[in-house]
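One structure is given here, and the rest of the page talks about it.
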2 protein chains.
Amino acid sequence: MEEKTRPGPKRSLTAEQIVDVALELFDGEAPSIRGVAAKLGVRPNTLYTYLPDRAAMERALVDRFLAMADPDLLIGRRVWRRRVEDYACALRSVLLRHRGAAALLHTAPIDGQTAALVGERLLAVFTSAGLSTADAARSTYAVIVHVLGSATLTAADLRGGTEADIVAARLEVAIDPGFLPLTAAAWPVVATWNTEEQFRWSLRTLLNGCVGGA
Amino acid sequence: MEEKTRPGPKRSLTAEQIVDVALELFDGEAPSIRGVAAKLGVRPNTLYTYLPDRAAMERALVDRFLAMADPDLLIGRRVWRRRVEDYACALRSVLLRHRGAAALLHTAPIDGQTAALVGERLLAVFTSAGLSTADAARSTYAVIVHVLGSATLTAADLRGGTEADIVAARLEVAIDPGFLPLTAAAWPVVATWNTEEQFRWSLRTLLNGCVGGA
DNA sequence: CCTATCTCTGTACGGTGTGCAATGTTATGC
DNA sequence: GCATAACATTGCACACCGTACAGAGATAGG
């Protein structure tokens with residue numbers, strides 16, 4: 001527990017500080033090593049005392065982003081569907097607020113401790129909803145896939161505009177009913193694919209499937 | 001239609017050729033402009049005659065990857081669930097075969113013509129299954145999210161190993177039942193999250209939800 | 001033939017991650 | 001108290017990257 005005392009000069013930074021400023025500098029993508037070092041008033045190489053490489057910084061950022069959506073939303077006395085939906089929306093919101101965060105998630109396996117906690121709580125939710133252990137586990141994965149997948153696609157579409165902008169822009173696109181008749185007919189709905197409403201709809205639909213087949 | 005004749009020397013390349021070698025050089029991520037140019041025996045700047053920037057090359061690559069999963073799998077006389085499942089598995093397979101392709105999808109909006117065709121056909125599937133136009137559109141989006149989301153997460157997890165490797169490696173991780181009791185209990189299933197079997201399970205579950213609430 | 005237009009190249013700029021040897025600081029064993 | 005070994009930090013360098021810009025050469029229309 002007590003930190004082992006070692007020779008050599010004191011460290012002037014901590015890994016946490018580095019991630020702090022990396023988060024501060026985050027703007028669509030992870031900042032450069034050189035940028036972070038500059039903000040810390042230090043030469044770039046110094047960071048390699050604390051991190052093996054740039055990828056490690058990105059992994060740490062991912063965990064920070066995940067932790068921004070309060071996992072406590074998954075517990076409490078509300079009905080289980082509500083808890084899942086609340087947490088899912090919170091996470092989606094975080095990933096959309098920080099553009100590029102979603103894409104960063106797919107850089108490496110997601111195995112931080114925040115992710116583990118969320119998994120555990122989703123399992124609890126589905127177990128309490130009456131699913132078997134195996135079905136709860138599968139459902140947990142399905143939900144994670146949906147939340148991250150949807151947020152990622154939406155983030156890619158949003159790049160720079162608000163939700164309303166995107167819908168409006170989409171609505172102005174003219175679809176040739178000769179080539180894509182169904183798409184043309186469904187266009188008013190297709191234009192809203194990246195809204196929170198659609199997100200909730202497909203999440204609820206997925207949950208229906210999860211508990212329906214039992 | 002007939003190409004307008006213009007002054008200036010003949011072009012030595014086509015945009016398609018460039019994408020061809022970009023695809024050939026693809027290895028986890030899109031190759032560099034300089035790399036593609038070298039393989040084409042040309043100076044890097046030359047490519048800017050055909051592409052506005054590197055992002056355009058990546059967009060073209062995305063469309064190529066999407067086109068590798070045969071959209072015809074979505075049509076035919078098989079039952080609709082089967083058609084969706086077949087296409088979804090084919091696309092997943094393509095995205096896993098080319099590591100990094102999935103992540104590339106999330107670089108920009110997916111609006112190529114292959115994507116449009118797939119959307120149209122998914123709408124047809126759900127319409128033929130009895131859904132309203134709006135529900136068909138929402139279901140289409142939900143399926144796309146699931147396929148791309150799942151493939152992306154799996155691709156991030158797979159980085160370098162086969163499916164069996166990953167499952168085996170996961171199984172060897174010891175989960176502390178004190179901290180994560182449910183996760184520990186469900187671990188044999190959790191370890192298979194990135195298998196095709198789980199992919200099919202959650203897709204079927206989603207489809208159940210799509211047609212169940214009608 | 002002249003000229004406008006186009007492709008391709010040479011060169012260059014400012015950026016990236018990171019390896020390596022040198023410099024200087026620190027705690028420990030004598 | 002001092003030598004020593006371990007350590008943090010730095011300067012420098014390398015090999016890349018995307019791409020801007022000016023110029024050279026090729027080509028078509030007038």
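All chains are named by letter (A, B, ...) in the order of the sequence lines, taking the proteins before the strands, and each is independently numbered beginning at 1. This is a predicted model, so every value here is computed, not measured.
Ring orientation note: the planes of A:F26 and A:F65 are nearly perpendicular, at an angle over 60° on the 30°/60° scale.
Residues in residues 181-205 of chain A take part in these ring pair (Phe, Tyr, Trp, His ring centres under 6.0 Å) pairs, two or more places apart or across chains: A:H146-A:F199, A:W193-B:Y141.
Under the 4.5 Å side-chain criterion, counting only non-hydrogen atoms from C-beta, B:N194 is in contact with B:R170. In this structure the side chain of B:Y87 never reaches within 4.5 angstrom of the side chain of B:I75, judged on heavy atoms. You'll find the side chain of A:Y50 reaches within 4.5 Å of the side chain of A:T46, heavy atoms only. Side-chain contact between B:H106 and A:L153 is present, with heavy atoms from C-beta onward closer than 4.5 Å. By the 4.5 Å heavy-atom criterion applied to side chains, A:L47 and A:L40 are counted as neighbours. With a 4.5 Å cut-off on side-chain heavy atoms, B:E16 and B:R64 count as touching.
Near-neighbour residues of DNA chain C inside residues 32-42 of chain A, defined by a heavy atom below 4.0 Å, number-ordered: A:S32, A:I33, A:R34. Within residues 13-24 of chain B, no residue has any heavy atom closer than 4.0 Å to DNA chain D. Using a 4.0 Å cut-off on heavy atoms, none of the residues of residues 101-112 of chain A approach DNA chain D. Near DNA chain D, meaning a heavy atom under 4.0 Å from it, residues 47-65 of chain B has B:Y48, B:D53, B:R54 in order of number.
The number of heavy-atom neighbours closer than 6.0 Å to CG of A:D53, taken from other residues, nucleotides and ligands shown, is above 12.
Residues that satisfy the salt bridge (charged side-chain N to carboxylate O under 4.0 Å, His left out) test with B:E24, not counting sequence neighbours, are B:K39. Every residue was checked against the salt bridge (charged side-chain N to carboxylate O under 4.0 Å, His left out) condition with B:R99, not counting sequence neighbours, and none meets it. When the side-chain hydrogen bond (donor to acceptor under 3.5 Å, both in side chains) test is applied to B:D111, no partner is found at least two apart in sequence or on another chain. Residues passing the salt bridge (charged side-chain N to carboxylate O under 4.0 Å, His left out) test with A:R121, sequence neighbours excluded: A:D72.
In DNA chain D, runs of at least 3 consecutive Watson-Crick or G-U pairs, each pair with both distances below 3.5 Å, span C:1-30 with D:1-30.
Salt bridge annotation for B:R82-B:D86: present, with a cationic side-chain nitrogen under 4.0 angstrom from a carboxylate oxygen.
For DNA chain D, the span of nucleotides reached by chain B at under 4.0 Å from its heavy atoms goes, 5' to 3', from D:dC17 to D:dG29.
Checked by atom type, the side-chain pair A:T195/A:E163 shows no donor-acceptor distance below 3.5 Å.
Within the 3.5 Å criterion, the main-chain N or O of A:T154 finds no donor-acceptor partner in the side chain of A:D157. Under the 3.5 Å distance criterion, the side-chain polar atoms of A:R159 are left unmatched by any main-chain donor or acceptor of A:G100. The closest donor-acceptor contact from the side chain of A:R204 to the backbone of A:E85 lies at 3.5 Å or more, if one exists at all.
Side-chain N/O atoms of B:R11 include none lying less than 4.0 angstrom from OP1 or OP2 on C:dC6.
The nearest pair of heavy atoms linking B:A142 to B:L206 is O-CD2, 3.5 Å.
Interatomic distance, CD1 of B:I18 versus CG of B:L51, reported as 4.5 Å (0.5 Å rounding).
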Exercise. Where along nucleotides 20-30 of chain C does protein come under 4.0 Å, by heavy atom, of base (B) or sugar-phosphate alone (S), with - for untouched nucleotides?
Worked result: B---BBBSS--
